[in-house]
Engineer: 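First, the structure itself, so that you have it in front of you.
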Amino acid sequence: MPFSEIPQEYIISSLIHQNSFLANGKLKKWSGDTTEVFSTISSTKAYEKTLLGTVPELGEEEALEALESACDAYGRGQGLWPTMKVVDRIACMEKFVEKMITKRDEVVKLLMWEIGKNLPDSQKEFDRTVDYIYDTLEEYKKMDRDAAKFQKHGGIYAHIRRGPLGVVLCLGPYNYPLNETFTLLIPALLMGNTTIFKPAKFGVLLIAPLLEAFKESFPKGVVNVIFGRGRVLASPIMQTGRIDVLALIGNSKSAKALQKQHPGSNRLKLVLGLEAKNPGIVLPDANLDLAINECIAGTLSFNGQRCTALKILYVHEDIVDEFNKRFSVKVDELKFGNPWDDGAKLTPLPEPDKPEYIQELIDDALEKGAKILNTKGGETSENFIFPAVLHPVSKDMRVYEEEQFGPVIPVVSFKDISQPLDDIAESNYGQQVSLFGKDIKTLAPLIDTLVNLVCRVNLNSSCQRGPDVYPFTGRKDSAVSTLSVHDALRAFSIRTFIASKDNEYNNAILNELLDSKQSNFVSTDYIL
Ligand code: G3H
């Protein structure tokens with residue numbers, strides 16, 4: 001790949017040595033083992049990965065220290081944070097987001113270096129996260145206003161709100177190390193839970209600029225941030241049985257392993273966003289220009305490293321040749337470059353062994369009868385492998401079964417629509433599907449079936465999580481519980497209420513509680 005000069009503002013001029021972690025309201029100095037953080041992007045003409053800095057390699061002791069801190073702050077429901085007035089929790093979050101905004105440039109730069117996301121998408125990830133926080137604040141106020149009332153049934157008054165669940169262990173993925181992690185952390189915090197957060201395997205240093213903001217915005221112990229290996233840190237935390245919610249976006253293997261370690265599985269709530277193999281189905285009457293453009297975005301945005309990416313394309317046999325020809329040309333036109341290069345759509349892969357893995361999938365498919373359709377497909381450099389369009393793909397190939405999470409596109413041709421439908425029904429995943437076609441007589445029964453196989457049917461458009469107000473969830477191994485701005489607040493809370501028989505004695509007490517404003521829970525005030 002041609003070497004491009006790194007713009008002055010993105011050069012790594014000094015290494016970032018993150019030498020502390022956040023526990024008990026303090027940035028605790030760490031002088032033990034550290035892990036070097038590398039980028040697969042080269043800073044020199046002759047390829048060499050770039051050292052970005054170091055992070056602490058914490059051990060079990062520090063993990064349990066962070067847990068203790070979160071448990072103390074929750075105080076088994078009696079802590080300052082879970083019993084605080086909603087307005088006061090909102091004020092803490094507003095303070096945090098204002099501080100976070102000042103770190104935009106630093107975080108965007110690290111997003112590019114650490115995970116190879118291009119500049120516009122890195123900026124979008126930051127801005128979308130800030131919007132998500134503001135939208136969540138508004139939604140929480142609305143939820144609170146809707147709850148600011150009493151109802152009466154069967155002679156009993158009830159004042160029903162949502163309360164926190166407890167201590168949340170929060171683990172996010174490397175492809176959205178800021179956004180997806182925060183879509184768990186922010187609603188969990190707002191609802192009054194306390195948290196322990198461990199950044200993903202890549203996209204770690206970019207959390208460092210935010211530690212001070214966490215420390216200064218929330219009471220001690222409410223947010224704890226630890227660095228190190230998941231197995232070393234998360235396992236002992238789970239084994240204590242003191243975690244109330246496991247919030248994880250990532251792989252089902254880790255989710256299952258962590259769940260198993262918790263001694264009280266009935267007490268553990270799960271908020272999980274897991275893997276998927278979202279299919280695109282292209283019907284014979286589809287507008288091909290539109291379908292091809294959407295399939296390009298769906299399969300290859302961020303090199304296919306999205307849980308919502310289109311990971312397999314089913315194209316009707318009447319149009320498959322035409323589709324393949326035009327689609328392959330478009331794939332080859334995509335520009336590969338470093339994240340800051342103008343117009344770079346394909347960028348270096350952050351996982352050093354990913355090109356090799358994608359090559360294995362290609363080799364396996366070729367051995368079993370598929371062909372690479374595009375000229376550049378499979379071209380490899382030190383940190384990238386150019387997306388190969390593979391056809392015909394069959395069920396015995398690894399690329400049919402495995403979630404590639406990277407740049408390779410399997411195409412299956414079909415004659416009868418029951419084939420993709422049966423395949424989706426048989427699959428372990430059930431997140432989303434893209435359906436390309438026009439005739440409503442064909443579309444109507446398909447939609448009616450597909451909505452029961454997945455949780456979002458995208459008509460003539462690629463799959464995606466956003467807009468964040470819409471439900472983000474999945475069936476089977478793809479998710480547990482639903483995330484959206486509104487649903488996430490529900491997922492991290494439970495309905496809890498005060499009830500009292502309608503009589504003069506109780507009503508006088510309730511009135512006094514309301515008038516005096518002494519209770520943080522019993523309140524009919526509107527937060528505007
Ligand atoms: O990795 C999965 C993300 O939730 C995808 O989000 O569809 O907005 O890229 P996105």
Side-chain angles (χ1 to χ4, degrees), residues 22-26 28 63-96 140-141 143-144 147-148 150 157-170 184-197 214-226 236-247 262-264 266-271 488-500 506 509-510 512-525 527:
L22 181 60
N24 219 2
K26 290 198 182 78
K28 304 217 156 184
L64 295 178
E65 184 183 341
L67 173 70
E68 198 63 41
S69 151
C71 290
D72 285 351
Y74 192 66
R76 291 186 287 191
Q78 301 164 83
L80 171 69
W81 186 247
T83 55
M84 197 181 256
K85 273 191 197 308
V86 170
V87 269
D88 294 335
R89 281 208 295 265
I90 287 176
C92 291
M93 189 59 79
E94 282 171 344
K95 187 171 170 189
F96 172 74
Y140 189 28
K141 288 183 196 168
M143 215 179 228
D144 193 79
F150 279 76
Y157 275 114
H159 180 56
I160 309 171
R161 291 182 173 279
R162 299 196 71 88
L165 295 169
V167 179
V168 180
L169 176 62
C170 184
L184 300 172
L185 195 63
I186 300 301
L189 287 169
L190 260 185
M191 295 313 291
N193 303 283
T194 63
T195 58
I196 305 150
F197 153 43
F214 278 128
K215 182 181 93 95
E216 284 172 13
S217 309
F218 297 99
K220 75 171 189 173
V222 170
V223 185
N224 302 277
V225 185
I226 51 178
I237 289 178
M238 291 302 285
Q239 282 159 12
T240 63
R242 298 175 80 189
I243 290 296
D244 299 289
V245 187
L246 173 64
H262 194 289
N266 58 314
R267 290 169 58 159
L268 180 68
K269 306 268 182 316
L270 299 171
V271 180
L489 290 170
R490 291 178 59 90
F492 286 104
S493 61
I494 190 164
R495 300 223 295 171
T496 182
F497 66 109
I498 170 160
S500 74
N506 283 341
I509 295 174
L510 285 180
E512 209 181 327
L513 272 169
L514 287 168
D515 291 345
S516 69
K517 300 188 191 294
Q518 286 201 31
S519 164
N520 291 346
F521 185 90
V522 183
S523 165
T524 49
D525 286 354
I527 305 174

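Throughout, numbering of the chain's residues begins at 1 and tracks the sequence.
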Engineer: Compare every heavy atom of F497 with every heavy atom of F521, then report the nearest pair and how far apart it is.
Structural biologist: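 In terms of heavy atoms, the two residues are closest at CZ-CA, 4.1 Å.
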Engineer: When you measure from the side chain of N193 to the backbone of L165, do you find a donor-acceptor pair of N or O atoms at a distance under 3.5 Å?
Structural biologist: yes
Engineer: Report the distance from atom SG of C71 to atom CD1 of I196, rounding to the nearest 0.5 Å.
Structural biologist: 6.5 Å
Engineer: Does any non-hydrogen side-chain atom of V167 lie less than 4.5 Å from one of R242?
Structural biologist: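 Side-chain contact under 4.5 Å: no.
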Engineer: Measure across G221 and N224 and return the closest heavy-atom pair with its distance rounded to 0.1 Å.
Structural biologist: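 Reported closest heavy-atom pair: O-ND2, 2.9 Å.
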Engineer: What residues form a salt bridge (charged side-chain N to carboxylate O under 4.0 Å, His left out) with K28, not counting sequence neighbours?
Structural biologist: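 So K28 forms a salt bridge (charged side-chain N to carboxylate O under 4.0 Å, His left out) with E65.
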Engineer: Under the salt bridge (charged side-chain N to carboxylate O under 4.0 Å, His left out) test, which residues partner R490, sequence neighbours left out?
Structural biologist: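 For R490, no residue satisfies salt bridge (charged side-chain N to carboxylate O under 4.0 Å, His left out) once neighbours in sequence are set aside.
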Engineer: Do F218 and K95 come within less than 4.5 Å of each other through their side chains, counting heavy atoms only?
Structural biologist: no
Engineer: Grab the two heavy atoms, one from G163 and one from T496, that are nearest each other, plus how far apart they are.
Structural biologist: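 Closest approach of G163 to T496, heavy atoms only: N-CG2, 3.7 Å.
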Engineer: Suppose we screen for side-chain contact (heavy atoms from CB on, under 4.5 Å). Which residues come up paired with L80, at least two apart in sequence or across chains?
Structural biologist: M84, P219
Engineer: Considering residues at least two apart in sequence or located in another chain, which fulfil the side chain to side chain donor-acceptor pair (under 3.5 Å) criterion with E94?
Structural biologist: none
Engineer: What are the two closest non-hydrogen atoms of F214 and L22, and how far apart are they?
Structural biologist: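 Here F214 and L22 meet closest at CB-CD2, 3.7 Å.
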Engineer: Shortest non-hydrogen contact from M191 to F492?
Structural biologist: CB-O, 3.7 Å
Engineer: Tell me, please, which residues at least two apart from P263 pass side-chain contact (heavy atoms from CB on, under 4.5 Å).
Structural biologist: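 Not a single residue meets the side-chain contact (heavy atoms from CB on, under 4.5 Å) criterion with P263.
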Engineer: Run the side chain to side chain donor-acceptor pair (under 3.5 Å) test against D244 and tell me which residues pass, sequence neighbours left out.
Structural biologist: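 With sequence neighbours excluded, D244 shows a side chain to side chain donor-acceptor pair (under 3.5 Å) to no residue whatsoever.
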Engineer: If I take atom NE2 from residue H262 and atom OG1 from residue T240, how far apart are they, to the nearest 0.5 angstrom?
Structural biologist: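 The distance works out to 6.5 Å.
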Engineer: What residues, two or more places apart in sequence or in another chain, satisfy side-chain contact (heavy atoms from CB on, under 4.5 Å) together with K220?
Structural biologist: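 K220: side-chain contact (heavy atoms from CB on, under 4.5 Å) contacts with N24.
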Engineer: Is a donor on one side and an acceptor on the other found under 3.5 Å between the side chain of S523 and the backbone of N520?
Structural biologist: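 Between the backbone of N520 and the side chain of S523 there is no qualifying donor-acceptor contact (under 3.5 Å).
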Engineer: Restricting to side-chain contact (heavy atoms from CB on, under 4.5 Å), what partner residues turn up for A147, sequence neighbours left out?
Structural biologist: R161
Engineer: How would you list, by chain and number, every residue that makes a side chain to side chain donor-acceptor pair (under 3.5 Å) with S493, sequence neighbours excluded?
Structural biologist: R162
Engineer: Report yes if the side chains of I90 and K141 come closer than 4.5 Å at any heavy-atom pair, otherwise no.
Structural biologist: yes
Engineer: Can you list the residues that meet the ring pair (Phe, Tyr, Trp, His ring centres under 6.0 Å) rule with F150, with sequence neighbours excluded?
Structural biologist: H159
Engineer: Return each pair, listed once, that meets salt bridge (Lys or Arg N to Asp or Glu O under 4.0 Å) where at least one residue sits in residues 69-90; pairs must be two or more places apart or across chains.
Structural biologist: none
Engineer: Would you say that V225 contacts L185 through its side chain, given a criterion of any heavy-atom pair below 4.5 Å between the two side chains?
Structural biologist: no
Engineer: Report the distance from atom NZ of K269 to atom CG of N266, rounding to the nearest 0.5 Å.
Structural biologist: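 One gets 8.5 Å once the value is rounded to the nearest 0.5 Å.
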Engineer: Are side-chain heavy atoms of C92 and W81 found at a separation under 4.5 Å?
Structural biologist: yes
Engineer: Do any N or O atoms from the side chain of T195 and from the backbone of L169 form a donor-acceptor pair under 3.5 angstrom?
Structural biologist: no
Engineer: Compare every heavy atom of S516 with every heavy atom of L513, then report the nearest pair and how far apart it is.
Structural biologist: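 Result for this residue pair: O-OG, 3.3 Å.
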Engineer: Just to verify, what does K517 make a side chain to side chain donor-acceptor pair (under 3.5 Å) with, not counting sequence neighbours?
Structural biologist: D525
